[in-house]
Amino acid sequence: MPRIILHVDMDSFYASVEELRNPGLKGRAIVTCMFSGRSKDSGAVSAANYKARELGIRSGMPIKIAKRLAKGKGVAFLPSDREYYREVSSRIMDILRREADEKREGVRGRLQSMFEQVSVDEAYLDVSRRSEGSWDSAREIAESIKRKIREKENLTCSIGIGPNKLVAKMASRAQKPDGLTLVKDSEVQGFFEKIPAAKLFGVGPQTAKVFEKLGIKTSKDLADYDLKKLEAVFGSKKGRVLQDTARGIDNDPVEEREAQQISRMATLKKDSDNPKDILENIRELARDIDLELKSKGLFYRTVSVITIDTHLQMQTRSRTTIESSSLSKNLDIAKELLEDFLEQNPGRMLRRVGIRVSGFSRKKEKKQRTLGDFPKEIECDKSHLPSKNA
DNA sequence: GCGGAGATGGACC
DNA sequence: CTAACGGGTCCATCTCCGC
């Protein structure tokens with residue numbers, strides 16, 4: 001059964017939302033920033049609109065560099081307000097969710113959207129059924145989505161359409177902003193051949209460096225490369241995945257995924273190796289995580305402490321307990337993990353610290369299970385229904 | 001050999 | 001003149017250990 005998948009990607013989302021929020025900014029170059037607070041312009045760029053990109057400003061860039069590029073050009077630098085962006089995002093996701101196919105989960109399961117939000121500004125939609133296998137009607141669905149987002153939120157997005165998530169993703173990237181790119185099965189090979197291997201989804205700076213050594217430049221080079229050799233260099237799993245990627249092959253289903261972990265990080269006001277200092281920060285982060293856990297009704301088994309030192313080297317320490325757990329317990333463990341770390345790394349100054357919880361479950365103690373965990377017979381009382389055998 | 005636990009690295013937004 | 005640098009998530013892999 002061939003699929004038709006849409007990848008919807010909001011255009012420079014944070015910056016665009018800020019532009020709407022403050023009419024005085026209309027038409028200007030806008031950069032949203034995560035200020036770390038340790039010095040005036042310490043931190044990184046989280047988003048830059050297209051006017052700002054024309055100046056060479058990119059997300060992930062240190063704010064100081066962005067400001068140098070922006071010198072005298074009237075660029076607006078704003079602090080990121082992620083809570084607000086999440087609100088706007090959830091309205092957009094509500095629009096998108098309704099455009100995806102529906103499917104029944106399990107035997108008598110509830111209706112579920114074939115929809116997958118991948119980040120605050122991106123989502124995949126499976127529209128195979130709605131479009132009845134017609135690329136033209138998939139294109140109409142995409143156009144209608146773009147129209148709705150523009151009408152309701154006054155924002156633009158770029159949409160890629162393809163036979164799987166990978167192709168849809170690469171397609172949405174191909175034309176931005178406000179783009180719509182359709183790559184049907186018969187066009188996948190030609191479309192991928194034009195893409196440099198380093199630009200493929202899942203290929204970052206490290207992998208690109210190895211490609212260079214191997215003489216792999218284009219996706220075609222990678223697609224035609226000896227699989228055994230790739231697997232020898234990258235490991236069997238990654239080698240295989242890389243070659244599939246270069247060929248536009250991907251069978252990953254569109255489905256909503258449960259969070260596997262929740263973490264919070266913060267930059268210290270000053271580099272430090274003082275447990276008291278650091279623990280103070282971790283305490284705040286743990287409180288925040290605790291709130292989110294409570295609101296989601298989740299329990300966890302594993303706590304990790306993450307440290308990033310002055311050379312930006314990251315290390316982690318984690319511990320798994322029988323069952324979670326209160327905030328205070330969480331903090332006790334974090335404290336021990338941190339103390340272990342500091343003992344084992346005397347003199348190492350930390351720049352940032354974080355805490356992470358994972359290994360989630362919904363059940364409280366041993367017994368209480370969710371409905372889905374119960375065997376069928378006791379799922380519900382059917383005695384009021386007419387008997388099958390009657 | 002297999003699983004979980006723990007640590008690390010790479011990638012993406 | 002150079003270096004400058006957030007926060008969050010997912011996944012794979014390696015090692016170690018008990019079974």
Side-chain angles (χ1 to χ4, degrees), chain A residues 7 9-15 31-48 58-69 79-80 82-83 85-86 89 116-123 165-166 169-170 172-173 198-210 231 234-242 245 252 257-268 271 281 285 288-289 292 301-322 333 337 340-341 344-345 351-360:
Chain A
H7 180 253
D9 193 346
M10 300 302 298
D11 297 323
S12 50
F13 184 57
Y14 289 8
V31 179
T32 59
C33 304
M34 305 288 318
F35 291 102
S36 69
R38 54 168 37 206
S39 73
K40 181 168 168 291
D41 284 335
S42 177
V45 170
S46 49
R58 299 280 182 275
S59 57
M61 183 179 270
I63 295 166
K64 280 175 187 154
I65 296 181
K67 287 210 166 172
R68 206 186 53 193
L69 291 168
S80 297
R82 287 186 297 166
E83 207 173 314
Y85 309 146
R86 266 200 300 276
S89 166
E116 179 177 343
Q117 178 175 353
V118 282
S119 73
V120 72
D121 72 335
E122 261 183 82
K165 294 205 290 189
L166 169 66
K169 168 86 186 175
M170 295 304 297
S172 73
R173 257 188 206 175
K199 293 272 174 70
L200 288 168
F201 182 71
V203 176
Q206 301 305 314
T207 309
K209 256 183 227 163
V210 180
E231 289 177 338
F234 293 104
S236 60
K237 172 91 182 179
K238 194 174 177 193
R240 173 93 240 171
V241 169
L242 282 171
T245 299
D252 203 33
R257 286 149 213 258
E258 311 243 313
Q260 303 295 303
Q261 53 179 238
I262 297 174
S263 63
R264 290 292 183 278
M265 301 225 45
T267 302
L268 302 173
D271 297 343
N281 285 268
L285 302 172
D288 199 27
I289 286 186
E292 184 170 346
R301 292 188 54 215
T302 303
V303 180
S304 315
V305 164
I306 303 152
T307 61
I308 291 172
D309 67 20
T310 47
H311 308 301
L312 299 182
Q313 285 297 300
M314 178 167 61
Q315 284 193 271
T316 59
R317 288 287 182 280
S318 60
R319 186 177 305 167
T320 300
T321 60
I322 302 299
I333 297 170
L337 290 170
D340 282 356
F341 175 84
Q344 291 162 18
N345 296 276
R351 180 186 179 91
R352 300 164 61 197
V353 293
I355 179 168
R356 171 168 66 215
V357 295
S358 54
F360 295 136

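Scope of the values below: all heavy atoms of this structure, side chains included, with no hydrogens, waters or symmetry mates. Computed from a predicted model, the values in this text were never measured in an experiment. Letters go in sequence order (proteins before strands), and every chain restarts at 1.
Atom-to-atom distance recorded for A:E122:CD and A:M10:CE is 11.0 Å, nearest 0.5 angstrom. In this structure, OG1 in A:T302 is found 9.0 Å from CD1 in A:I333, a value given to the nearest 0.5 Å. A:T267 contributes atom OG1, which lies 8.0 Å from atom CD1 of A:I308 (distance to the nearest 0.5 angstrom).
Residue contacts shown for A:R352 include a base, since a base heavy atom lies under 4.0 Å away. The residue A:S42 sits close only to the backbone: its heavy atoms come under 4.0 Å of sugar-phosphate atoms, none of a base. Within the nucleic acid shown, A:V203 comes within 4.0 Å of sugar-phosphate atoms alone, with no base atom in reach, counting heavy atoms only. Here A:T207 lies in heavy-atom contact (under 4.0 Å) with sugar-phosphate atoms only. Looking at heavy-atom distances under 4.0 Å, A:G60 makes contact with a base. A:D121 comes within 4.0 angstrom of sugar-phosphate atoms only, judged by non-hydrogen atoms across all strands, and of no base. At a threshold of 4.0 angstrom between heavy atoms, the contacts of A:K169 are confined to the sugar-phosphate backbone, with no base atom among them. Using a 4.0 Å heavy-atom distance criterion, A:T320 is classed as a sugar-phosphate-only contact. A:A47 comes within 4.0 angstrom of nothing in the nucleic acid, heavy atoms only. Residue-level contact check: A:R58 touches neither bases nor backbone, having no heavy atom under 4.0 Å from any strand. A:I63 comes within contact range of no nucleotide atom at all, as no heavy-atom separation falls under 4.0 Å. Among the heavy atoms of the strands lying under 4.0 Å from A:F201 are primed sugar atoms or P, OP1, OP2 only; no base atom is included. Note on A:L200: only backbone sugar-phosphate atoms sit closer than 4.0 angstrom, heavy atoms only; bases stay farther off.
In this structure, A:R356 places its CZ atom 11 Å from P of B:dT8, rounding to the nearest Å. Between A:Q261 atom CD and B:dG6 atom C1' the separation is 14 Å, expressed in whole Å. If you measure from atom NZ of A:K238 to atom P of B:dG9, you get 14 Å, rounded to the nearest angstrom. Straight-line distance from the NZ atom of A:K199 to the P atom of B:dA11: 15 Å, rounded to whole Å. When rounded to the nearest whole Å, the span between CZ of A:R173 and P of B:dA11 equals 13 Å. Distance NZ (A:K237) to C1' (B:dG10): 15 Å, rounded to an integer number of Å. Rounded to whole Å, the distance from CD on A:E116 to P on B:dC13 is 14 Å. Computed from coordinates, the A:R319 CZ to B:dA7 C1' distance equals 15 Å when rounded to whole Å.
Note on the helix from B:dG1-C:dC19 to B:dC13-C:dG7: angle between the axes of the first and last five pairs equals 10°, rounded to 10 degrees.
Look at A:D252 and A:R257 and you find a salt bridge, because one of the NZ, NE, NH1 or NH2 atoms lies within 4.0 Å of a carboxylate O, short of that distance. Using a 4.0 Å cut-off between a side-chain N of Lys or Arg and a carboxylate O of Asp or Glu, A:D340 and A:R317 do not qualify as a salt bridge. Residues A:R240 and A:E231 are not paired through a salt bridge, judged by the lack of any N-O separation under 4.0 Å between the basic side chain and the carboxylate.
For the pair A:G235 and A:T267, nearest-nucleotide mapping onto DNA chain C gives the more 5' position to A:T267. Between A:P62 and A:R264, the residue anchored closer to the 5' end of DNA chain C is A:P62, taking for each the nucleotide with the nearest heavy atom.
A 4.5 Å side-chain heavy-atom check between A:S89 and A:Q117 finds at least one atom pair inside the cut-off. Using a 4.5 Å cut-off on side-chain heavy atoms (C-beta onward), A:L242 and A:T207 make contact.
Across all non-hydrogen atoms, the minimal contact from A:I289 to A:R264 is CG1-CG, 3.5 Å.
Within a 6.0 Å radius of CD in A:E83, other residues, nucleotides and ligands contribute 12 heavy atoms or fewer.
Checked against A:D41 for a salt bridge (charged side-chain N to carboxylate O under 4.0 Å, His left out), the options A:K67, A:K64, A:R68 give a single hit: A:K67.
Read 5' to 3', the first and last nucleotides of DNA chain C with an atom closer than 4.0 Å to a heavy atom of chain A are C:dA3 to C:dT13.
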